[in-house]
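Hydrogens, waters and symmetry mates are skipped; everything else that's a heavy atom, side chains included, is used. Below, read A as the first sequence line, B as the second, and so on, with proteins coming before strands; counting in each chain starts at 1.
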Protein chains: 2
Amino acid sequence: MTIMTVRPYSQALDRLRAVGLRPTRQRLALARLLFDGGDRHISAEQLHSEAMAGNIRVSLATVYNTLHQFTEAGLLREIVVESGRSYFDTNTSDHHHFFYEKTSQLCDIPPDLIAVTRVPSAPAGHTIRRVDVIVRVDG
Amino acid sequence: MTIMTVRPYSQALDRLRAVGLRPTRQRLALARLLFDGGDRHISAEQLHSEAMAGNIRVSLATVYNTLHQFTEAGLLREIVVESGRSYFDTNTSDHHHFFYEKTSQLCDIPPDLIAVTRVPSAPAGHTIRRVDVIVRVDG
DNA sequence: GTGTTTGCAAAGTGTTTGCAATTTA
DNA sequence: TAAATTGCAAACACTTTGCAAACAC
C-alpha cells in the first residue's frame, strides 16, 4: 500500500540542474531530504538513516559520494567539529555555529549576531578560503 | 654511538607534578617532546613517530592516552580542523588558528591580531566553553 | 548505445579498548 | 605490595575505493 501525500514544491530538481548534476533517483531523493526542510546540519549516517526510514534505497557509499558532490558544487558546506565525523550544512551563506558538545548538535549563528573583526591577512602566497567560528557550549 | 648534547632545562617534570600525573618514563619523554620545543601543533601519529625517531619506546596507545590525559589536565588543547584527525596544541592560552589546507599545518594567530566581538550569549541552560576561530587558507 | 552512476564488499584511516604484564610509589 | 600505567592486538567508527551491474540521456 502506498499513501500519497501532497507535498510543497521541491526545489531539489532545480538545484541539481543548476549545478549540472544528473538528477538520478538517489540524488533527487537525497536532495529532497536535504533541501526541502529548511536549514539542516546532518552527517552521512544520519542522512542514510533518514533515507532508509523513508523507504529510499540508497547505499551509504552513494550518500557519501552525493554529499561530496553537493559540497563541491556549492550546495552544501562541510563543517568539522568533532574528529571522526563530518557534518554538512544546507545553509551555504556566511554564518557561524554553536556546537552543543553533549548532544553533538550544531546550530546556526546568524552573521549579524557575531562578528570577527580584524581578521589578519593571509600569510604571503596564501588566500583566505573561509573563517569558521565555532562557539562550543556544553549541555 | 650516542652523542650527548647540552639541553636547556626541561619543564616536563614540573608540568607533570603540577597536574598530579605520575611521571613515568613515557609521560616524561612525551612531555619533553611536547613542551621543550616551543609551541607545537601535533597529531598522535606525529608524536609517536618523533618518539620512535628519538629511540623512545612508547606504544601508540600510550601516546593517545597521554595526549588525552594532558588535555584533561589542561596542559594541551585539542583542535579539530579535519575530520579523522586530531591535533594537540601546546599553547593553551587564548588564541586562534590559521589552517593551511594543502599541508594540514596549523599556525597560531596571536589574540591581538584577531577579535571576535559580540559573541552571542549561550542559549538558555548552556555555558560557552570556548570559541574556536579557524582561518582556512589554501596553499 | 555510451558514458555516468550505483551498490556492494573490501580496504583504509585514525582512534579506542580489554587485559595481562610491568612499573611506580 | 598495592595501585597506576603500559603494550599489544583486537575491535571500532567513519570513510573511501574498485569494479561489475544498472541507469540516464
Rounded distance in Å - [atom1] ([X]) to [atom2] ([N]):
| X | N | atom1 | atom2 | answer |
| --- | --- | --- | --- | --- |
| A:Leu67 | D:dT16 | CG | C1' | 13 Å |
| A:Arg85 | C:dG14 | CZ | C1' | 14 Å |
| B:Ile56 | D:dT5 | CD1 | P | 19 Å |
| A:Leu47 | D:dT15 | CG | C1' | 15 Å |
| B:Tyr64 | D:dT6 | OH | P | 16 Å |
| A:Glu78 | D:dC14 | CD | P | 15 Å |
| A:Gln46 | D:dC14 | CD | C1' | 13 Å |
| B:Leu30 | D:dT5 | CG | P | 14 Å |

Heavy-atom pair with the smallest gap, counting every atom of [X] and [Y]:
| X | Y | answer |
| --- | --- | --- |
| B:Val116 | A:Ile114 | CG1-CG1, 3.9 Å |
| A:Val58 | A:Ala51 | CG2-CB, 4.0 Å |
| B:Ala122 | A:Val137 | CB-CG1, 4.3 Å |

Indicate the ring-plane relationship of A:Tyr100 and A:Phe98, choosing parallel, tilted or perpendicular according to the 30° and 60° boundaries.
-> tilted

Check the side chains of [Y] and [X] for a donor-acceptor pair under 3.5 angstrom, ignoring hydrogens and angles.
| X | Y | result |
| --- | --- | --- |
| A:Thr66 | A:Gln26 | no |
| A:His41 | A:Asp108 | yes |
| B:Asp132 | B:His96 | no |

Reading nucleotides 1-12 of chain C from the 5' end, what letters show protein touch, with B for base, S for backbone sugar-phosphate only, - for no heavy atom under 4.0 Å?
-> --BSSSBB----

Taking A:Arg40 for its side chain and A:Leu33 for its backbone only, find out whether a donor-acceptor pair lies under 3.5 Å.
-> yes

Check: A:Asp89 side chain, A:Arg77 main-chain N or O, donor-acceptor pair, under 3.5 Å = no

If you find the nucleotide of DNA chain C closest to B:Ala44 and the one closest to B:Pro23, which residue's nucleotide is nearer the 5' end?
-> B:Ala44

Axis deviation across the helix from C:dG1-D:dC25 to C:dA25-D:dT1, five-pair ends, to the nearest 10° = 30°

Base, sugar-phosphate alone, or nothing: which one does A:Ser86 contact when heavy atoms must sit under 4.0 Å apart?
-> sugar-phosphate

Any side-chain N or O of A:His68 less than 4.0 Å from the OP1 or OP2 oxygen of D:dT16?
-> yes

